[in-house]
S.K.: 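Please read through the structure below; I'll follow up with questions.
Keep in mind that this is a model prediction, so the values were computed, not measured. Chain naming here is simple, since letters A, B, ... match the order of the sequence lines and numbering starts at 1 in each.
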Amino acid sequence: MDILEDLNPPQREAVTHVEGPLLILAGPGSGKTRVIAHRIAYLVDTAGVAPWRIVSVTFTNKAAREMKQRVVAHLGGVASDLVLGTFHSICARLLRVEGERVGLPRAFNIYDDADQMALLKRAAADLGIDTKRFKERSLLSGISRAKSELLTAYDCARASHDYFSELVARTFERYQELLKENEALDFDDLIMRTVEMLRDHAEIREKYQERFLHVLVDEFQDTNIAQYQLARMFAAKHGNICVVGDPDQSIYSWRSADIRNILNFERDFPQARIVLLEQNYRSTQTILDAAHAVISGSKERKQKSLWTDQGPGEPIVTYEAYDEEEEAGFVANEILSLLKGGHDYGDIAVMYRTNAQSRAIEEALIAANIRYQLVGGTRFYERREVKDLLAYLRLVHSPFDAVSFTRVVNVPGRGVGAKTLADLERWARKMNVPVYTALQVLAGQETGRASVGTRAERHPVGARQARSLIGFLRMLDELIDVAAKNNLSTLLDGVLERTAYRRYLYEEFEEDEADERWANIQELQNVAAGYDGLAPGDALVAFLEDVALISDADTIAEGESDHGGRVTLITLHSAKGLEYPVVFMTAMEEGILPHMRSFDEPAQMEEERRLCYVGMTRAKERLYLLRAFRRYMMGASQHAPPSRFLRDIPPELLVQRSAVSDEAEAVQRGPQRFREAFRRGADGPPAERDEGGFRAGDKVRHPSFGDGVVVSCTPTGGDFEVTVAFKGGAGIKKLMLSFAPLEHA
DNA sequence: ATACACGCGCTTTTT
DNA sequence: GCGCGTGTAT
């Protein structure tokens with residue numbers, strides 16, 4: 001079979017082991033996606049398995065798409081019969097098909113994080129919870145964690161052991177009621193309800209268990225208990241379950257991913273074949289050695305090696321910048337010379353621990369005129385204008401969706417304020433009907449003439465407000481009508497037209513901001529147009545579902561080597577599964593990587609280590625490990641010592657880069673020396689060495705910004721803020737200098 | 001009902 | 001340094 005030819009022996013074993021459970025432990029860059037794709041092709045071509053009897057679960061939609069492409073390359077069109085997607089998308093599909101039989105509304109909406117928060121706030125408010133003391137976010141994550149272990153609100157209540165967990169249980173119960181009222185499922189529900197459905201309904205369970213001859217799970221180390229349970233249920237009849245993962249790349253425990261699943265797998269399937277993929281086809285030996293040195297610092301880890309026959313390649317470049325601005329400047333400069341050296345924009349990624357760090361990098365890249373794409377941050381589908389329009393579409397799909405209703409009932413403004421809305425909601429609750437129904441009743445009362453008593457006795461809303469509300473209801477009904485008869489583009493046009501959304505944008509925002517937001521809406525129209533081939537009802541369902549389950553990482557442009565490439569700015573988490581010839585890891589500092597929130601939890605510290613490992617192993621040819629001497633965090637400038645992970649890397653693998661060696665060395669030695677270097681740098685006479693630091697007119701030289709003149713120096717707390725005008729393009733910079741001797745020296 | 005001003009707490013990571 | 005919620009003035 002020719003598909004086996006270009007595989008190494010363990011890969012070949014992983015592909016051809018057809019019968020029975022299989023655990024593939026695959027190091028980074030070991031070709032695991034290829035192995036899965038080949039395995040699917042092998043199952044179909046050689047083992048004669050019908051594609052529709054194979055279910056293959058990936059972590060992101062992008063991974064699913066990639067997988068599909070690869071399988072199509074082997075198998076052609078029949079690949080479209082595969083059940084291939086993320087846990088969430090596969091479950092959503094299953095629930096659409098079977099959900100009605102188990103009591104799910106036929107048109108449920110899927111709530112994303114923001115919707116969940118909105119709902120949770122209501123639940124907390126209903127219960128009178130002091131959200132100053134108990135954060136909505138932690139209540140929600142408590143609920144989420146419970147669901148990912150298949151626990152119900154009732155289970156939680158029984159297991160609650162302190163006040164907080166009791167509160168979580170109570171909030172959970174109310175939150176779940178609200179979801180039901182709104183005809184919505186959250187992310188965790190998608191999994192949990194599917195598991196419950198299969199558990200409680202024998203005929204549905206048997207149907208799928210009979211059907212799924214082979215189950216494949218990628219990124220197994222990132223699955224939670226519920227997902228593992230689901231995979232096991234899928235595979236229960238035929239027992240052909242193949243999971244692929246790498247414990248060293250487990251970085252999602254905060255999302256309830258349970259590293260124990262791998263151990264449990266070995267326990268649940270003692271006869272499972274285990275295959276280790278250790279040969280790396282991605283990185284140079286230098287990068288692998290450094291990454292290995294970092295991950296080896298982890299305790300309780302299965303010893304696993306990584307090797308390549310590629311040779312050592314370039315040393316890893318480290319650099320300590322003065323602050324994040326200079327760090328970003330270094331990145332930009334280095335990118336420019338890489339581009340000159342023949343690299344393409346698409347070859348390069350800049351990675352960071354937290355999204356907030358992207359700003360400094362972005363500014364530097366803009367200044368240097370370097371094209372980039374930002375992954376994460378304010379995502380397209382989280383933009384206000386996009387969410388508004390989606391809320392309209394969701395209302396059309398399911399008018400009982402109160403979260404969407406609340407969002408747009410007064411957007412654009414139509415004179416329905418918070419008070420009116422609250423009155424309406426209270427009234428609806430009194431009658432024990434959804435808000436939408438209450439609104440219909442209200443409309444009936446206002447239009448019908450046979451009214452008894454005063455208006456206030458019927459509904460609690462003022463006349464003007466009632467008119468606005470009825471207008472909104474009529475519009476919604478019209479749109480529902482439009483949706484039934486027309487394609488999705490027409491529906492979206494209808495929404496825009498009837499709401500005069502464009503006018504609203506230009507009234508609400510400055511012109512250029514309105515332009516930008518309108519462009520986003522046009523982009524949304526482009527996406528919607530892609531569904532115009534489907535029947536009206538199906539298109540809306542498919543569109544809303546795709547949008548709810550899509551993540552930003554799914555839209556990363558492929559690093560095509562044409563001239564349209566862009567430098568990628570991405571968090572370490574989102575970078576998992578990707579690879580780039582050149583990788584910059586920024587902010588290799590204590591407090592950032594590892595993050596300060598991990599300091600008191602050894603298990604979390606281990607996860608930070610794995611995160612660092614994941615980042616390093618994204619690099620194919622060149623790796624940069626950068627840090628800044630001080631960094632602005634939460635408004636204040638703070639000194640950050642180098643990351644402990646840097647210390648684990650053998651020095652012979654590293655080369656320290658500096659712009660001007662003397663000064664750069666001073667930077668590394670701390671502010672005292674740095675200041676001296678600063679003074680010494682220029683040709684003028686040294687300023688008086690009084691405690692005030694610099695004086696206006698002092699000539700200075702900075703390792704990155706070059707020569708400059710001090711404009712002012714003002715003491716702020718224990719520090720001095722020095723403003724320097726630099727010659728050439730660097731402009732005026734403010735630098736913070738500290739006189740306190742630092743542990744750094 | 002809306003518009004603006006002020007204070008507060010906080011930032012991990014995302015399907 | 002920013003977004004959010006609360007408070008006050010039109």
Side-chain angles (χ1 to χ4, degrees), chain A residues 57-64 85-92 110-114 116-117 121 125 131-133 135-138 140-141 144 147-148 185-191 219 222-224 226-227 250-257 351-360 375-379 381-382 384 410-422 462 464-465 468 507-508 545-554 570-577 587 591-599 601 604-605 607-608 610-612 614-615 631-637:
Chain A
V57 191
T58 58
F59 193 66
T60 62
N61 295 301
K62 180 171 188 281
T86 62
F87 273 109
H88 293 92
S89 69
I90 289 173
C91 287
I110 298 170
Y111 275 8
D112 71 8
D113 185 69
Q116 291 175 45
M117 273 305 268
K121 280 180 181 161
T131 51
K132 284 235 154 59
R133 273 184 64 201
K135 299 271 161 295
E136 283 109 333
R137 177 53 66 193
S138 50
L140 184 61
S141 74
S144 175
K147 285 182 177 180
S148 61
L185 300 187
D186 67 15
F187 283 138
D188 300 306
D189 281 342
L190 292 174
I191 315 291
E219 306 284 13
D222 291 327
T223 54
N224 63 35
Q227 290 165 333
S250 162
I251 55 175
Y252 283 106
S253 69
W254 50 272
R255 217 173 72 189
S256 308
M351 301 181 183
Y352 35 83
R353 176 67 233 269
T354 66
N355 277 307
Q357 290 168 243
S358 70
R359 176 169 302 187
V375 182
T378 32
R379 294 195 262 283
Y381 289 104
E382 282 168 16
R384 183 208 228 197
N410 201 31
V411 177
R414 48 176 75 86
V416 181
K419 182 169 182 312
T420 308
L421 191 58
R464 171 180 290 156
Q465 283 76 5
S468 295
E507 279 167 7
E508 196 76 358
E545 190 163 305
D546 289 352
V547 163
L549 297 176
I550 210 160
S551 80
D552 211 53
D554 299 330
I570 193 167
T571 63
L572 290 166
H573 280 88
S574 324
K576 187 168 66 85
I592 308 265
L593 185 67
H595 197 271
M596 52 204 261
R597 299 266 286 238
S598 67
F599 283 168
E601 261 298 326
Q604 288 210 44
M605 181 58 75
E607 184 145 317
E608 296 292 308
R610 294 192 293 268
L611 190 57
C612 183
V614 166
R631 184 172 296 275
Y632 282 85
M633 295 180 70
M634 284 190 258
S637 166

S.K.: Of the nucleotides B:dT15, B:dT14, B:dT11, which one has an atom closest to the side chain of A:T86?
M.R.: B:dT15

S.K.: Of the candidate nucleotides B:dT15, B:dT14, C:dG5, which contains the atom at the shortest distance from the side chain of A:Y252?
M.R.: B:dT14

S.K.: Any side-chain heavy-atom pair from A:I251 and A:L572 closer than 4.5 angstrom?
M.R.: no

S.K.: Apply the test salt bridge (Lys or Arg N to Asp or Glu O under 4.0 Å) to residues A:D188 and A:R255: give CA-CA distance (whole Å), side-chain angles for both, the deciding distance (0.1 Å), then the verdict.
M.R.: CA-CA 11 Å; A:D188 300 306; A:R255 217 173 72 189; over 6 Å; no

S.K.: For A:Q357, answer base if it contacts any base atom (sugar-phosphate contacts may also be present), sugar-phosphate if it contacts only those atoms, and nothing otherwise; contact means non-hydrogen atoms under 4.0 Å.
M.R.: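 No contact.
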
S.K.: Would you indicate what A:R137 reaches in the nucleic acid, counting non-hydrogen atoms under 4.0 angstrom: base, sugar-phosphate, or nothing?
M.R.: nothing

S.K.: Looking only at side-chain atoms of A:R359, point me to the closest of B:dT14, B:dA1, C:dC2.
M.R.: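 The nucleotide sitting nearest to the side chain is C:dC2.
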
S.K.: Can A:F59 be called stacked on B:dT15 when the rule is centres closer than 5.5 Å and an angle between planes below 30°?
M.R.: no

S.K.: Does A:S598 reach a base, just sugar-phosphate, or nothing at all? Heavy atoms under 4.0 Å.
M.R.: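 Nothing, no heavy atom under 4.0 Å.
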
S.K.: Round to the nearest Å and state the distance from A:K62 atom NZ to B:dT15 atom P.
M.R.: 13 Å

S.K.: I need the CZ-P distance between A:F87 and B:dT15, as an integer number of Å.
M.R.: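 The answer, rounded to whole Å, is 15 Å.
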
S.K.: Between A:S468 and A:Q465, is there a side-chain donor-acceptor contact under 3.5 Å, judged purely by atom types and distance?
M.R.: no

S.K.: Are the side chains of A:E608 and A:L593 in touch, meaning some heavy atoms are under 4.5 Å apart?
M.R.: yes

S.K.: Write down the distance between CG (A:N355) and P (B:dT11), rounded to a whole number of angstrom.
M.R.: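 My rounded result for the distance is 14 Å.
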
S.K.: Using the six-membered ring wherever Trp is involved, compare the ring planes of A:H573 and A:W254 and label them parallel, tilted or perpendicular (cut-offs 30° and 60°).
M.R.: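 Answer is perpendicular, since the angle exceeds 60°.
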
S.K.: Take atom NZ of A:K419 and atom C1' of C:dG7, then tell me their distance rounded to the nearest Å.
M.R.: 18 Å

S.K.: Which nucleotide in the list B:dT13, C:dG5, B:dA1 gets nearest to the side chain of A:K121?
M.R.: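 Nearest to the side chain of A:K121 among the choices is C:dG5.
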
S.K.: Applying a 4.0 Å non-hydrogen cut-off, can you work out what A:N410 is touching in the nucleic acid: base, sugar-phosphate, or nothing?
M.R.: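 Sugar-phosphate: the residue A:N410, judged by heavy atoms under 4.0 Å, touches backbone atoms but no base.
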
S.K.: Whole-Å distance between C:dC4 C1' and A:M117 CE?
M.R.: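 Rounded to the whole Å, the gap is 11 Å.
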
S.K.: Can you tell me the distance, in whole Å, between the CH2 atom of A:W254 and the P atom of B:dT14?
M.R.: 6 Å

S.K.: Using a heavy-atom cut-off of 4.0 Å across all strands, would you classify A:K135 as base, sugar-phosphate, or nothing?
M.R.: sugar-phosphate

